[in-house]
Amino acid sequence: SLHLSGLLLYQPAEVFQAVLWIVVPALVVSVAYSVFRPLVQSGRKFTIHRELPVAIIHKRLSGCLWLWIALTVIETIVSGGLPIVWLFTGSDKTYFQYGILSVHGLVNALFSALSLGYWALYLYTGKRSFLRFPVFAVLWTIVVISRGTLLVLLLQSAILLLRLRPIKLATFMRLTAGALVVVFFFGIAGDSRSGAGTFRALAQPTDDFPDWAPSGALWGYIYLTTPLNNLLLTMHTRKPAYNILLPATAATLFPSVLRYQIYGFQNALETQQGELESSALTVSTAYVGPFQDMGIYGIVGFSALVTLLCAIFLQRSGFWNSLVFSVFTLALVLTLFYNLLFSLPILAQLFWFRYFTALPKRVRHSPPYGDILPASYTSTRIAH
């Protein structure tokens, strides 16, 4: 509504109408699930929810940590160094060239799953030793200059914190302060990669944009407003295919190399980008693919689906369910930018979560033993 950038094409009334197609289905699904779930489950018998002891989960995390270290060393050797070194040495290489194509995303999935797993152990036990890897993970995203991965780590961790701990005023204030710090450093990282002057020319801030605001404020404003702008541009210029196979929505379920073979390079990009007002700002919300497939019905259906998944896992206790809830809620929050619900690096985390928490076969169907706790206990802490 403020139109603080010349890139924004549409009036508030048009934007509001598009937002309603996204928000109303989410509200309807949330309310309907809350109302009907108790009615559906009222006749079910109580069952014991089995949980692994912390020691076993920690052991599995440690094993996977060594796997990630080995894969990262291989990627660094193949890439010929690290992005932060390239940045400060004036190399022609960029952070886009770090990693092995179609492998790097899966390595990132393991990395994100490890960070959230250790963070969850800290929240369940209060042991500060479990914070070492989450802190290292944040520093590593700076080394590889990956703002996207940093955003995923911070949001998933914040979601899990709010899921497992009571929401207090102090917690809210800390999260708010942390968000402001992230915005500040987000701008610094962006300026170091693209140049402050270059981005300002691209962003086209109007005279109403405050000159005193840090560069992170302009970065944040452009990132928050242009995706919806691109979605509206696509809705105005493209006719939906009405294809029930949902090729545009499902494109990201294929690894990048295979995706480019199936769709062709340019078509693979357009499935997620749609029409762009600026070729440098390439995100168009998670709803651009569903719109290209099924029009308004695709937007409504996708919004309902991602909200339903969040609602289901919000109501379930346990270590595994809490981790899965964090991933689906991350996908819901970041629908503003991209379809992470169908992103392989995001979905692959679910595989690792299952490995971290899967019960041994010998006890899966046996009577509970001391270290396995009912679901009611997991809202506080898991005991050794």
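FYI, the numbering just counts along the sequence from 1.
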Student: Using the rule that Ile, Leu, Val, Met, Phe, Trp and Tyr join whenever any side-chain heavy atoms are under 4.5 Å apart, tell me whether Y297 and F302 fall into a single cluster.
Tutor: no

Student: Does Q97 reach the main-chain N or O of T94 with its side chain, forming a donor-acceptor pair under 3.5 Å?
Tutor: yes

Student: Just wondering, do F351 and L110 contact through their side chains at under 4.5 Å, heavy atoms?
Tutor: no

Student: With distance as the sole test, does Q292 use its side chain to make a donor-acceptor pair with the main-chain N or O of R238 at under 3.5 Å?
Tutor: no

Student: Shortest non-hydrogen contact from E275 to S284?
Tutor: O-OG, 4.4 Å

Student: When hydrophobic residues are tied together by side-chain contacts of less than 4.5 Å, even through go-betweens, does V324 share a cluster with L162?
Tutor: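 In one cluster with V324: L162, yes.
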
Student: Could you check if a side-chain atom of S112 sits within less than 4.5 angstrom of a side-chain atom of L153, using non-hydrogen atoms only?
Tutor: yes

Student: Any heavy-atom pair between the side chains of L114 and C64 that's under 4.5 Å?
Tutor: yes

Student: Going by side chain to side chain contact (heavy atoms under 4.5 Å, CB included), L330 matches just one of I346, L160, T335. Which one?
Tutor: I346

Student: Return the CZ to CG distance between R354 and L350, rounded to the nearest 0.5 Å.
Tutor: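 The CZ atom of R354 sits 9.5 Å away from the CG atom of L350.
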
Student: Can you name the nearest heavy-atom pair linking S278 to L7, along with the distance?
Tutor: CB-CD2, 4.4 Å

Student: For the CG atom of L71 and the NE2 atom of H104, what is their distance to the nearest 0.5 Å?
Tutor: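 Taking CG in L71 and NE2 in H104, the distance rounds to 11.5 Å.
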
Student: Side chains of M235 and I296: closer than 4.5 Å at any heavy-atom pair?
Tutor: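 In short, these two side chains touch, coming nearer than 4.5 Å.
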
Student: Y118 vs H58 aromatic rings, parallel, tilted or perpendicular, using cut-offs 30° and 60°?
Tutor: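 Taking H58 first and then Y118, their aromatic rings stand perpendicular (interplane angle over 60°).
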
Student: Give a yes or no on whether the ring-centroid distance for W68 and F111 is below 6.0 angstrom.
Tutor: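 Yes.
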
Student: Please confirm whether the backbone N or O of V138 pairs with a side-chain atom of T141, one donor and one acceptor, at under 3.5 Å?
Tutor: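 Yes; at least one donor-acceptor contact below 3.5 Å.
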
Student: Assess whether side chain to side chain contact (heavy atoms under 4.5 Å, CB included) is satisfied between L161 and L123, documenting all intermediate values.
Tutor: CA-CA 7 Å; L161 173 66; L123 293 177; 3.8 Å; yes

Student: If we only count heavy atoms from C-beta on, is the F209 to L2 side-chain gap below 4.5 Å?
Tutor: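 A side-chain contact under 4.5 Å is absent here.
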
Student: For the atom pair OG (S34) and CG (L314), what is the distance rounded to the nearest 0.5 Å?
Tutor: 8.0 Å

Student: Quick check against the 3.5 Å criterion: does N229 have a side-chain atom that pairs as donor or acceptor with the backbone of T225?
Tutor: no

Student: Quick check against the 3.5 Å criterion: does S326 have a side-chain atom that pairs as donor or acceptor with the backbone of S322?
Tutor: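 At least one qualifying donor-acceptor pair exists.
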
Student: Is it true that a side-chain atom of N230 and a backbone atom of E277 form a donor plus acceptor pair closer than 3.5 Å?
Tutor: yes

Student: Minimum heavy-atom separation for L344 to F254, with atom names?
Tutor: CD1-C, 3.8 Å

Student: More than 12 non-hydrogen atoms from neighbouring residues, nucleotides or ligands closer than 6.0 Å to OH on Y242, yes or no?
Tutor: yes

Student: Do the non-hydrogen side-chain atoms of F133 and L61 ever get within less than 4.5 Å of each other?
Tutor: no

Student: Out of curiosity, does V300 fall in the hydrophobic cluster containing V24 (side-chain heavy atoms, cut-off under 4.5 Å, transitive links)?
Tutor: no

Student: Measure the acute angle between the ring planes of W140 and Y98, then classify it against the limits of 30° and 60° as parallel, tilted or perpendicular.
Tutor: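 Plane angle over 60°, so perpendicular.
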
Student: Would you compute the distance between atom CZ of F342 and atom CD of Q272 and round it to the nearest 0.5 angstrom?
Tutor: 10.0 Å

Student: Between F353 and L116, is a side chain to side chain contact (heavy atoms under 4.5 Å, CB included) present by the stated rule, with each step listed?
Tutor: CA-CA 9 Å; F353 295 157; L116 192 65; 3.6 Å; yes

Student: Students often mix this up, so state it plainly: with edges at 30° and 60°, are the rings of F319 and Y124 parallel, tilted or perpendicular?
Tutor: tilted

Student: Quick one: does any side-chain atom of Y263 pair with a main-chain N or O of P247 as donor and acceptor, under 3.5 Å?
Tutor: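 Here the side-chain-to-backbone pair exists.
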
Student: Should L67 and V107 be regarded as members of a common hydrophobic cluster, given that ILVMFWY residues are connected when their side-chain heavy atoms come within less than 4.5 Å of each other, either directly or indirectly?
Tutor: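 Linked within one cluster.
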
Student: Tell me whether the count of non-hydrogen atoms from other residues, nucleotides or ligands lying under 6.0 Å of CD1 in I244 goes above 12.
Tutor: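 Open: at most 12 neighbouring heavy atoms sit under 6.0 Å from CD1 of I244.
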
Student: Looking only at non-hydrogen atoms, find the nearest pair between F88 and I84 and report the distance.
Tutor: CD1-O, 3.1 Å

Student: May I ask whether V333 and L224 are part of the same hydrophobic cluster, defined by side-chain heavy atoms of I, L, V, M, F, W, Y residues being less than 4.5 angstrom apart, directly or through others?
Tutor: yes

Student: Check the orientation of W352 and Y355. Use parallel for under 30°, tilted for 30 to 60°, and perpendicular for over 60°.
Tutor: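 Judged by the thresholds at 30° and 60°, the geometry between W352 and Y355 is perpendicular.
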
Student: Is there a donor-acceptor contact under 3.5 Å from the side chain of T271 to the main chain of A268?
Tutor: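 A pair under 3.5 Å: yes.
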
Student: What distance separates Y95 OH from I145 CD1, expressed to the nearest 0.5 Å?
Tutor: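 If I round to the nearest 0.5 Å, the distance is 9.0 Å.
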
Student: Where do L233 and L276 land on the side chain to side chain contact (heavy atoms under 4.5 Å, CB included) test, with the steps shown first?
Tutor: CA-CA 7 Å; L233 180 60; L276 304 176; 5.7 Å; no

Student: Run Q273 and V288 through side chain to side chain contact (heavy atoms under 4.5 Å, CB included) and show every step you take.
Tutor: CA-CA 7 Å; Q273 294 178 356; V288 68; over 6 Å; no

Student: If you compare all heavy atoms of W86 against all heavy atoms of G80, which two are closest, and at what distance to 0.1 Å?
Tutor: NE1-O, 3.6 Å

Student: Of the non-hydrogen atoms in F337 and Y223, which two are nearest, and what is the gap between them?
Tutor: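 Minimum heavy-atom contact is CE2-O, 3.0 Å.
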
Student: Which distance, rounded to the nearest 0.5 Å, do you find between the CG of L65 and the OG1 of T72?
Tutor: 9.5 Å

Student: Any side-chain to backbone donor/acceptor pair from D293 onto T249? Under 3.5 Å, distance only.
Tutor: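 Confirmed, D293 side chain pairs with T249 backbone.
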
Student: Any donor-acceptor pair under 3.5 Å linking the side chain of S79 with the backbone of G99?
Tutor: yes

Student: Are Q156 and W119 close enough that some pair of their side-chain heavy atoms sits under 4.5 Å apart?
Tutor: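 Q156 does not reach W119 side chain to side chain.
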
Student: Looking at side-chain heavy atoms only, is the closest gap between L269 and T282 below 4.5 Å?
Tutor: no

